[in-house]
Amino acid sequence: MSDWVQRVLAERFPTIDAAVSEIAALKAQLGLPKGVIHVISDVHGEAKKLRHVINNASGRLRPVVEDLFGDALDESAFQEFLHVLYYPSEILHLKSEELTDEEARYQWVLQTLQRQFDLIRVMIRNRRRKTIKLIAPKEHRELFEVLLNFPAGGHAEAFLEVQLRELVKRRLGFGAIRSASRFIRNLTVEELIVAGDLGDRGPRLDRVVDYLMRQPNVSLVWGNHDVSWMGACLGHEALIALVLRISLRYRRLYQLEEGYGILTKALEQLAVTAYGDDPAEHFVSKRDGERDALLIARMQKAVAVLEFKLEGQMIERHPEWEMDDRNLLKRVDFEKGTVRLGKEDYPLRDTYLPTVDPADPNRLSADEQHCIDRLKESFMDSARLWEHTKWMAERGQMSLVRDRAVIFHACLAVDEDGNFLPLEIDGVECRGPEQFDALSRVIKRAFRAGTQATEEDKDWLYYLWAGPKSPLFGKDRMATFETYFVADKNTHKEIKNPWFRWINDHDFCDRICRQMGVEEGGMIVNGHVPVKVEKGESPLKKGGNAVTIDGAFSEAYGDRGFTLILGPEGDTLAEHHAFPDPVAAVREGGDMIPERHVLREFDEPRCVGDTERGDDLRAQIRALEELVEAYETGTILEKGM
């Protein structure tokens, strides 16, 4: 360790005593049970469902409550306490209607808080005190310290009673309960990992990110829908058009207009001007809404054509991507009304393309150029969108490893024999997991540059959305044009990369895990592809060391799916079904309990020292031991000596 690093470390631990105390605490931590990691994927804008899954930790919290209170509470009281933990806003609203008497309200608040802190005392046994302080709510710190240590802390009972009665009198007691529930949920899970696709299809990407930003320890693995929004925020015109098209297709304009303050008037004007007489029958949105359905369809068509033009321009900038077959407007025979796909010509079912010049199909009309200029300005000027996508860039990466789980969103491109396909990134040919690090560097670099990011770096965000070798996509093409314009449904099929066959092979998956640093017992964890349970599909692949989770968030994909819990005793899949309204669940005394499926059990609970977190702690211990040696030899002087 360099002298400079030692001197920086000495600022935190200025004496031998301070350094040795930290060494002792870190060594003790190595022997504690590893923390619980909660893995969620494919949220797709469903903030309410995300809140539920996080609040009950995919069912992980319920068994802890059962162990502590199962014999002490009757069924009604037990269910009510779970609701306090899962849905505090809903249950507290209900209780505010029931408990009109101040004394009754005080007794209920006191009893509930005491039960919450009985649970908290159990949950903090394996946590360092400084870790607990980091995740403890600050707004009720003094009250919580009394509750945590009462009566052993030496405080008189009156001290607790006076504080609580004052809170209840001012109708603030429920706020303490809500904070305690959040504290419990934060203690239940040490790290929340979201394995991609925060937005699109569902109603509010902005609310999803807001909720995740309030969680104490979140890591993000990017999905292709994430990079599309990130690129749009940086001003990539094709991705701006893409984000708008999907929002219109699923009628999710609130997240743009209300959530991010993005103005869509320029697109509306383009739709009225260029497509004012167009029935746009193949562009009808997936949902009903308040705005005129025909106008929404015309806006969707207008932005789809704009997207195809901008994609074509980008494809021409990158012949090395070998995507010329997706430069589709140049494959249209405007006289015959056909498009060449592969070696065949197919009739277009919609030939009304008033903004397309057959002599130069990818050139934007004057109205289209004005539209994209205004839209680009609005996306790049949205402070809230920048805050959210910057958070996504800073917290995210292409892949990560947690306790033998190798987590990435979709795939790695391979050939029919399972060999990695090359992709040139920053002038270097990358294969397999090498691509994850290289692409992470590109995205981080683009966001460090912000609006000054190079066109080439921003183009990579589009490639990650739909490139044939993209590890966030995994298909030969994105058949959006065909879906809109070609009646023959055979042209709509997107051929999956052989990865999705090879992921069932144990040795193939084990090789990838080893290449990513997991020498034994590795498991690949992906999202991206919905598990079609109704067709007999299983999230656990045939080789037994790969699992696909898709978190049951998107109604478009059946409103059911899986999340993953990596616990000290083993790994568990939680199977979620349809999500009823939490208010109804509270009023009717119900619960939304996922089915839990054990993937693997360990002979002995895994400790922190068994994980990559243990490797980090051992590195810290070595650095501190070198600091102590430097103090002892006088290389560095202790502060205050």
Side-chain angles (χ1 to χ4, degrees), residues 196-197 200-201 223-228 231 236-239 241-243 245-246 249 282-283 300-301 303-333 338-350 356 361-362 409-416 420-425 435 439 459-503 526-530 556-557:
D197 286 359
D200 290 334
R201 301 194 184 96
N224 58 330
H225 288 268
D226 305 317
V227 296
S228 68
H236 191 277
E237 294 178 355
L239 290 174
L242 164 70
V243 164
R245 180 181 60 77
I246 293 176
R249 186 170 176 78
H282 302 299
F283 294 84
Q300 188 184 159
K301 182 174 181 179
V303 80
V305 173
L306 190 55
E307 179 187 345
F308 299 141
K309 288 184 175 187
L310 293 166
E311 287 174 349
Q313 294 175 16
M314 184 192 56
I315 288 167
E316 290 171 2
R317 290 197 297 269
H318 294 282
E320 74 278 9
W321 287 353
E322 300 179 341
M323 291 180 66
D324 191 57
D325 62 320
R326 306 312 300 157
N327 192 357
L328 288 170
L329 288 177
K330 287 204 167 182
R331 292 173 170 263
V332 173
D333 186 320
T338 60
V339 61
R340 172 60 62 96
L341 300 173
K343 296 181 179 180
E344 295 188 42
D345 292 327
Y346 293 86
L348 297 174
R349 60 180 179 178
D350 183 344
V356 179
N362 289 332
H409 181 65
C411 65
L412 286 165
V414 297
D415 63 17
E416 291 294 336
F420 294 128
L421 295 175
L423 185 62
E424 186 175 305
I425 306 167
Q435 295 174 4
L439 290 166
D459 282 350
W460 271 114
L461 292 164
Y462 177 86
Y463 187 88
L464 285 169
W465 161 255
K469 296 180 185 178
S470 165
L472 301 186
F473 181 46
K475 298 178 184 178
D476 66 330
R477 63 205 170 107
M478 187 78 76
T480 307
F481 182 95
E482 292 88 335
T483 303
Y484 284 130
F485 284 101
V486 182
D488 188 339
K489 290 191 175 181
N490 287 322
T491 68
H492 303 180
K493 294 178 181 177
E494 299 165 342
I495 299 173
K496 290 182 179 179
N497 186 271
W499 162 274
F500 295 99
R501 184 180 77 250
W502 278 100
I503 198 173
N526 298 146
H528 190 56
V529 180
Y557 289 146

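Since the structure is predicted, the reported quantities are computational estimates derived from the model, not experimental observations.
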Find the distance between OH (Tyr462) and CE (Met314) and round it off to the nearest 0.5 Å. 5.0 Å
Any chance you could lay out the side chain to side chain contact (heavy atoms under 4.5 Å, CB included) test for Leu348 and Thr338, step after step, and finish with the verdict? CA-CA 5 Å; Leu348 297 174; Thr338 60; 5.7 Å; no
For residues Trp460 and Ile425, determine if any side-chain heavy atom of one lies less than 4.5 Å from a side-chain heavy atom of the other. yes
Going from CG on Leu423 to OG on Ser470, what distance comes out if it is rounded to the nearest 0.5 angstrom? 8.5 Å
Between SG of Cys411 and CG of Asn526, what distance do you get to the nearest 0.5 Å? 8.0 Å
Does Tyr484 reach the main-chain N or O of Asp350 with its side chain, forming a donor-acceptor pair under 3.5 Å? no
Only one of Lys475, Arg326, Arg477 passes salt bridge (Lys or Arg N to Asp or Glu O under 4.0 Å) with Glu494, and that residue is Lys475
Heavy-atom closest pair (Leu328 atom, Val339 atom, distance to 0.1 Å) is O-CG2, 4.1 Å
Smallest separation among heavy atoms of Asn224 and Val227, with atom names: O-CG2, 3.2 Å
Find the distance between CG (Asn327) and NZ (Lys309) and round it off to the nearest 0.5 Å. 12.5 Å
Carboxylate-amine/guanidinium proximity below 4.0 Å for Asp459 and Arg317: yes
Side-chain (Gln300) to main-chain (Arg245) donor-acceptor, under 3.5 angstrom: no
Looking at Thr483 and Ala479, would you say the former's side chain and the latter's main chain have a donor-acceptor pair under 3.5 Å? yes
For the pair Phe481 and Phe308, name the ring-plane relationship: parallel under 30°, tilted 30 to 60°, perpendicular over 60°. perpendicular
So that I can tick it off, tell me whether Glu416 and Arg501 are bridged by a salt bridge, with the cut-off set at under 4.0 angstrom between side-chain N and carboxylate O. yes
Could you measure the distance from the CG atom of Asp325 to the NZ atom of Lys330? Nearest 0.5 Å is fine. 14.5 Å
Check whether any side-chain heavy atom of Phe500 lies under 4.5 Å from a side-chain heavy atom of Val529, and answer yes or no. yes
Looking only at atom types and distance, does a side-chain atom of His282 sit under 3.5 Å from a main-chain N or O of Phe485, one as donor and one as acceptor? no
Short question: side chain of Asp226, backbone of Gly223 - any donor-acceptor pair under 3.5 Å? yes
Step-by-step side chain to side chain contact (heavy atoms under 4.5 Å, CB included) determination, Trp465 to Leu472: CA-CA 7 Å; Trp465 161 255; Leu472 301 186; over 6 Å; no
Has Asn497 got a side-chain atom pairing as donor or acceptor with Val414's backbone, closer than 3.5 angstrom? yes
Can a donor-acceptor pair be found, under 3.5 Å and without considering hydrogens, that links the side chain of His492 to the backbone of Val486? yes
Taking atom types as modelled and ignoring hydrogens, do the side chains of His409 and Asp197 form a donor-acceptor contact shorter than 3.5 angstrom? yes
Residue list, salt bridge (charged side-chain N to carboxylate O under 4.0 Å, His left out) with Glu311, at least two apart or on another chain: none
Got a donor-acceptor contact below 3.5 angstrom from the Gln435 side chain to the Pro471 backbone? no
Any Lys/Arg nitrogen of Glu482 or Lys489 sitting under 4.0 Å from an Asp/Glu carboxylate oxygen of the other? no
Find the distance between OG1 (Thr491) and OH (Tyr346) and round it off to the nearest 0.5 Å. 6.5 Å
Lys496 (side chain) donor-acceptor with Gly474 (main chain) under 3.5 angstrom: no
Could you walk me through whether Asp333 and Asp345 satisfy the side chain to side chain contact (heavy atoms under 4.5 Å, CB included) test, starting with their C-alpha distance in whole Å, then the side-chain angles of each, then the deciding distance to 0.1 Å, before giving a yes or no? CA-CA 9 Å; Asp333 186 320; Asp345 292 327; over 6 Å; no
Would Glu344 and Asp488 count as a side chain to side chain contact (heavy atoms under 4.5 Å, CB included) if you check the C-alpha gap in whole Å, the side-chain angles of each, and the deciding distance to 0.1 Å? CA-CA 12 Å; Glu344 295 188 42; Asp488 188 339; over 6 Å; no
Ring centres under 6.0 angstrom apart (Tyr463, Trp321): yes
What closest approach, in Å, do Ala304 and Phe283 show between heavy atoms, and which atom pair accounts for it? CB-CE2, 4.0 Å
Any side-chain heavy atom of Ile246 within less than 4.5 Å of one from Leu242? yes
Are any non-hydrogen side-chain atoms of Pro468 and Asp476 less than 4.5 angstrom apart? no
